[in-house]
Number of protein chains: 2
Amino acid sequence: MATHSTIRDVARSADVSLGTVSNYLSGKKPISDVMRGRIEAAIAELQFVPNAAVRVMQGGRSHVIAFIVPDSGNPFFLEVARGIEDFAIDNGHVVVTCNTEGDLERERHYAKALSEMRVGAVIAVASTSNELLLSTLQKSGVRVVTLGRQLPGGLFPTIAVDDLRGGFIAMSHVLERGHRRVAFLGAPDAESQIRERFAGCVAAYSDAGLDPAELLRVDADLNSPTARSAASRAILALEPRPTAVVCANDVIALALEAEAIRSGLRIPEDLAIVGYDDIEGAAIAPIPLTTVYQPRYDLGHRAAELALSENYPASTEPPFAPSLVVRTST
Amino acid sequence: MATHSTIRDVARSADVSLGTVSNYLSGKKPISDVMRGRIEAAIAELQFVPNAAVRVMQGGRSHVIAFIVPDSGNPFFLEVARGIEDFAIDNGHVVVTCNTEGDLERERHYAKALSEMRVGAVIAVASTSNELLLSTLQKSGVRVVTLGRQLPGGLFPTIAVDDLRGGFIAMSHVLERGHRRVAFLGAPDAESQIRERFAGCVAAYSDAGLDPAELLRVDADLNSPTARSAASRAILALEPRPTAVVCANDVIALALEAEAIRSGLRIPEDLAIVGYDDIEGAAIAPIPLTTVYQPRYDLGHRAAELALSENYPASTEPPFAPSLVVRTST
DNA sequence: GCTGTGAAATGAAATGGTTCACTTCTTGTC
DNA sequence: GACAAGAAGTGAACCATTTCATTTCACAGC
């Protein structure tokens, strides 16, 4: 494995000065066609590949965007990641997805690795656990953007979707369909997004002149398949059974749908279901799922744009608006 | 944003020489406790973070593993990625997932970026389109490992699963269940893995004393939801309808299941379905899916291990063995 | 007290691309 | 033909770390 050729080799081979080759590569200064031709020939001949590390060493930042996410397998984040990646590529960057799985040690590993790499930007799904690490990164000069919600202190620019409104339109929808005995299938309040969605549901419930205390609720660990199934069965076992269920996300909504089908219920006649997220599986489910769509691709795309923008940190943006996708399940 | 402090600042603040700080950081030479104490104090005080780029500039390679994949959203690759990531983290590396989406230009962008970054290793899902790029990378000193199948020429160490055997056990299973009119729901032969699976099916069909020419087959673009549904309907429209279908992967098997349920068929009585991959959705489908499990996490983990191993390139490994997961759908 | 030995510490040189003050060349104007 | 001004090209110095030949030091053995 021959050692790499350097800009000096290119300059010598093209009989041109160092600075001219550098100008050719960076495009910051114009150069003549003669020089350009000679340099290009030399680069091709020597198979020269510039060493990106040097720019970083000089005090620059590497063309890497880190995406810090608790569960990269979640279809929602996957789509966000696509948005980030597309923008990153168009701007000569590369994305490192850091899957923390909620593990603090893993978060620390990534924070250390990213600092040492001098990453250009970090886009992180907001959570209380990573707040400290993010502010450390920010202090060392990394552009940080949080996703989903504003972290207390307002330190970081944030791209969010209006979850309150999402919960509101989901609940309004089933109430308009005439349902009066409704349940919310969610997760413990740790996640503030879930809390917001539930709050939106409560608001819609009140607005319809109903008593929010009568709104049923079952919680589950959304990341566990067995917990999802168990919570779904718990919903179906409520006496009397709700006629409609608004779910915290599509993954658990689909679990509920599967359980309902298995126990012989007709959807939407016996049970209406509303999901949240509009993941791919929602449209191709046995009973296509009514759900709240979040512009997740745009979310990621916009976050990357903000992170790399000239005038970072910009003032925090107004949240994106979710919309209802009505399908068969209601 | 104060500029970063350097190893020189640390040396000065700790009243110690440059080299000693370097030795402390790398651990390559022992140093006394006195020095250690002074250095640690200085590092803490200055909030020093070493600049990883310099090591790379000195001719080393960055602690980055690139995972080149045509569709990072595919649950199969997600799990492979988890295996890679876990190994990477344990070895102080970080993973860049490069989602090519089969786009040649995108592949080229990544090849360029990865070369310039001097990535340490590349793990790529084998495809004919990336062969040239991979060999270019390898020539420039990057460790390349291909995944799924050996690329012609045998240039790269490979980690694979025995798809021939997978197809064989899937087909054997439905034949043992007594089915005699069987279809294969797959994709055009471009993907050699699908080809292998089909070949395994044909082998099992012959072994059972049946005429392989009678084995039905429908193909679809596996990446398109609408194509999957259309192909599923095509299977159900065959006259006479097959009593069992072996599918090229779980995603399309689930589409078939959904279509079958929608048209009122009972599974497995009217139609038995076997998938391939054992994705998460297979177990929680309305009718839990019988499928061929591939040790995908191990696949990724082993690939990363191979890529970073001392004695890369090792001789190519024997393929991993798939196994059948029997559930309700057969 | 002298020497030999090994451990620890030192700092100049090297790594490769960018920067910038400086030189050289070209073109236009009167 | 002289001169100004802008364009293009040059190369030494710089960035933050590692490497390694050299120096320093402590201590054991005689």
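Below, chains carry the letters A, B, ... as their sequence lines are ordered, and counting in each starts from 1. None of the values given here were measured: they were computed from a predicted structure. These values consider heavy atoms only, across backbone and side chains, with no hydrogens, waters or symmetry-generated copies.
- A:Arg12 places its CZ atom 13 Å from the P atom of D:dG11, with the value rounded to the nearest Å.
- Electrostatic pairing of A:Glu85 and A:Arg82 does not count as a salt bridge here, judged by no charged N lying under 4.0 Å from a carboxylate O.
- Mapping B:Lys29 and B:Met57 onto DNA chain D by nearest heavy atom places B:Met57 at the nucleotide closer to the 5' end.
- In the set D:dT17, C:dG17, C:dA8, C:dG17 carries the atom at the smallest distance from any side-chain atom of A:Arg8.
- Residues B:Val142 and B:Arg61 are in side-chain contact: their nearest non-hydrogen atoms beyond the backbone lie under 4.5 Å apart.
- An angle of 40°, rounded to 10°, separates the two end axes of the helix from C:dG1-D:dC30 to C:dC30-D:dG1, each defined over five pairs.
- Note: CG (A:Leu18) to C1' (C:dT15) measures 14 Å, nearest angstrom.
- Picking from D:dT18, D:dA16, C:dA8 the nucleotide with the shortest atom distance to the side chain of B:Pro30 gives C:dA8.
- Comparing B:Val34 and B:Gly59 by the nucleotide of DNA chain C whose heavy atom lies nearest to each, the residue mapping closer to the 5' end is B:Val34.
- Judged as a salt bridge (Lys or Arg N to Asp or Glu O under 4.0 Å), and not counting sequence neighbours, A:Asp15 has no contacts.
- For the pair B:Leu25 CG and D:dT18 P, the computed distance is 6 Å after rounding to whole Å.
- Side chain of B:Asn23, nearest nucleotide from D:dG9, C:dT15, C:dT10: C:dT10.
- Checked against D:dT18, D:dA8, C:dG16, the side chain of A:Ser32 finds its nearest nucleotide in D:dA8.
- DNA chain C is contacted by no residue of residues 108-122 of chain A, taking any non-hydrogen atom closer than 4.0 Å.
- B:His63 and B:His93 have parallel rings, their planes meeting at less than 30° on a 0 to 90° scale where 60° marks the start of perpendicular.
- Rounded to an integer number of Å, the gap from CG of A:Leu46 to P of C:dG17 is 12 Å.
- Rounded to a whole Å, the NZ atom of A:Lys28 is 15 Å from the P atom of C:dG17.
- For the pair B:Asn51 CG and C:dG16 P, the computed distance is 16 Å after rounding to whole Å.
- Contact check, B:Thr20 against C:dT10: a side-chain N or O comes under 4.0 Å of OP1 or OP2.
- Residue pairs satisfying the salt bridge (charged side-chain N to carboxylate O under 4.0 Å, His left out) criterion with at least one member in residues 126-135 of chain A, sequence neighbours excluded, are absent.
- Residue B:Gln58 places a side-chain atom within donor-acceptor reach of the base of D:dT17, judged by atom type and a 3.5 Å distance cut-off alone.
- Remark: C1' of D:dC14 and CZ of A:Arg55 are 16 Å apart, rounded to the nearest angstrom.
- With hydrogens and angles disregarded, no donor-acceptor distance shorter than 3.5 Å links the side chain of A:Asp277 to the backbone of A:Ile279.
- Between the side chain of A:Thr158 and the backbone N or O of A:Phe156, at least one donor-acceptor pair lies under 3.5 Å.
- The stretch residues 38-60 of chain B participates, sequence neighbours left out, in no salt bridge (charged side-chain N to carboxylate O under 4.0 Å, His left out) pair at all.
- The separation between B:Tyr24 atom OH and D:dT18 atom P is 13 Å, rounded to whole Å.
- For B:Ser17 and C:dT10, the shortest distance from a side-chain N or O to OP1 or OP2 is below 4.0 Å.
- Comparing C:dA9, D:dG9, C:dT18 by their closest approach to the side chain of A:Met35 singles out D:dG9.
- In terms of heavy-atom proximity, B:Ser115 sits nearest to A:Val49 at CB-CG1, 3.7 Å.
- The side chain of A:Thr6 approaches C:dG17 more closely than any other nucleotide in the set C:dG17, C:dG11, D:dA16.
- Among the heavy atoms of the strands lying under 4.0 Å from A:Ile7 is at least one base atom, whether or not backbone atoms are also near.
- Nucleic acid contact for A:Val21: none, since no nucleic acid atom lies under 4.0 Å from a heavy atom of the residue.
- Ion pair B:Arg108/B:Glu105 not flagged as a salt bridge, since none of the NZ, NE, NH1 or NH2 atoms sits closer than 4.0 Å to an Asp/Glu carboxylate oxygen.
- Looking at heavy-atom distances under 4.0 Å, A:Phe48 makes contact with sugar-phosphate atoms alone, never a base.
- Within the structure, the salt bridge (charged side-chain N to carboxylate O under 4.0 Å, His left out) test picks out the following pairs touching residues 21-35 of chain B (sequence neighbours left out): B:Asp33-B:Arg36.
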